[in-house]
Amino acid sequence: MIKKILLCALYVLAFTACKKDGGNGIDNGLKDDGTFTRYEDHFLEELWKLNPDWATSVGYHKYDSLLIVPNAKAREAQLKFAKVQLDSLSRYEPALLTDNNKIDHAVMKNQLESTQWNVEQLKSYEWDPSSYNVTGSFAFILNEHYAPLQKRLRSFYQKMENIPAYYKAAELQLKNPVKELTDLAVEQNEGGLSIFEADLADSLKKSKLPDAEQKQITDRAKLSADAIKAYVAYLKAMKNDKPRSFRLGKDLYEAKFKYDIQAEGTAQQTFNAAVERKKYLHKEMAKISRQLWPKYFKTEAAPKDSLEMISRVIDTLSASHVKPDEFQSAIEKEIPKLTAFIRSKDLVTLDPTKPLVVRKEPAYMAGVAGASISAPGPYDKTGNTYYNVGSLKGWSAERAESYLREYNDYILQILCIHEAIPGHYTQLVYANKAPSMIKSILGNGAMVEGWAVFSEQEMMDAGFGNNAPEMRLMWYKWHLRSVCNTILDYSVHTGNMTKEQAVKMLTKEAFQQQAEADGKWKRVSVSSVQLTSYFTGYKEINQLYQDWQKKQADKFKVKDFNEKFLSYGSAPVKFIKEAMFAPPKAEKK
Ligand code: ZN
Ligand code: ZN
């Protein structure tokens, strides 16, 4: 997973040239790359006014003190914005723009159409009580040190003003909400209360604000906490005899997939490909397991059922893992090893001026062990990129053992490939160099996750882990997770897959622990489509890689592919493909 997508920089477009000369006969008036870039700035400014929470999270702090009340008027404003901006966009002819601007144009158009679709068709504001939750933005303002504490506390104070109105409006929007999302809303809003109670008090103590001002802030925080508690009480007491099903349904699912994933094909096609991929992986895993069997089980007869045999081998290999207190240092030691391997195989250029800072996971992110990347927001050029590593401190021996078997010596290395090098972290460094604010903000999750998954495969194919069959087998197991995420999500939301069927698939066919399978069921019952991003992105990048290899023939180099692909930033794969395969443009005069 990746925590905050990206990065980056107000790079001025290097190639805004496109100057007209009298001779070419094309009059694109004022609609050239220069005007388009200026229009993008205007677009973003308007976007932030309507979406102050989003602005805060990407590091744009002009609207930190605003909280929009989620009522019909706010939705009207969103629709008006979409209409006006779509009209502005239609004045630009994409074919006349540079490749990068052309992709921006498509990504912005998708964003606006998605807004329209969300408000007019999906209408989750009626059935998803968890979409009403102010706590994330307030936690961000309190915990991220982007400005002096006093300044942040004053924004915090002003922003609190609308909290009671916010939750009153929320109650009025709901109609037969989804049961699972109602429970989630209760859990998450209750969980966020500590921001207004404990965390705020701690910050105030450190702030040196005058006492009178501190009291004002504390009083308003009390009203805010009361409003959150009232919403929670409302949800708990709500009569809801005919709740909407948590299953999205086929039509809404296909549409959401189209806007969120921006894939080349449909959700149905991705699902079909995942089913095929699972079959292939099972066949390959059986081959490797059969080969490894005598090494680990000597003369014992192998189970006839091949899934059972694979499961036994995986189980045995999982016993090789670090001790709980070595978890963090094991992850730290992995980074230089990965860097050295990538250099020796010449897979991709790693920028030595942008080191990854490994740190202990900050307390306010806590909860999950493992590792994640925190990248500076798009407006924060100078920020560090952190590799947050969780600790297993305070875990029961049993829980730690189960977790460490999951993140055993093999998977731990693959995790670092995925999260850091050459996965998410490397992709972010390249995206930072791509001259587009738009792609940083509207970054495509399927490309980002797909790259991380694809980069694991490149490392395996380059012989990472001494080409050991054990490493390949464990990668296939890890890879099955992405594949089965897609099968699960599609089957649950467009069909009727039950919890029992889901857990059976995840434990028997994807070799997951019961706890992981239970957690996945919970996730699929409160989210849709996002779980398909890993495999969809992987599949399209893998196809693009093969097509590019064919086209380049003798001239093909993995490194060239990687660097060219990454140079477009976090854009949907289909647009990168279009740009990579476009006939070279006649030189501009
Ligand atoms: Zn990821
Ligand atoms: Zn053990």
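Just follow the structure's listing: the first ligand is 1, and inside any ligand the first atom is 1.
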Does Lys256 make a cation-pi contact with Tyr253 (under 6.0 Å, within 45 degrees of the axis)?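 No cation-pi geometry.
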Tell me whether Arg290 forms a cation-pi arrangement with Trp293, defined as NZ or CZ under 6.0 Å from the six-membered ring centre and within 45 degrees of its axis.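 No - Arg290 does not lie over the ring of Trp293 by the 6.0 Å and 45° rule.
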Hey, is the Zn ion (ligand 1) within less than 2.8 Å of some N/O/S atom on Glu449?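 Coordinating: yes.
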Residues forming a side chain to side chain contact (heavy atoms under 4.5 Å, CB included) with Gln269, sequence neighbours excluded: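 Residues passing side chain to side chain contact (heavy atoms under 4.5 Å, CB included) with Gln269: Thr266.
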Excluding sequence neighbours, so at least two apart, what forms side chain to side chain donor-acceptor pair (under 3.5 Å) with Tyr296?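 Counting only residues at least two positions away or on another chain, Tyr296 forms a side chain to side chain donor-acceptor pair (under 3.5 Å) with Glu470.
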State which residues pass side chain to side chain donor-acceptor pair (under 3.5 Å) with Glu284; sequence neighbours excluded, sorted by chain then number.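 Here the qualifying residues are Lys287.
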Can you list the protein N, O or S atoms less than 2.8 Å from the Zn ion (ligand 2)?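 Metal shell, protein only: His321 NE2, Glu401 OE1, Glu401 OE2.
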To the nearest 0.5 Å, tell me how far Lys559 NZ sits from Ile342 CD1.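 With rounding to 0.5 Å, NZ (Lys559) is 11.5 Å from CD1 (Ile342).
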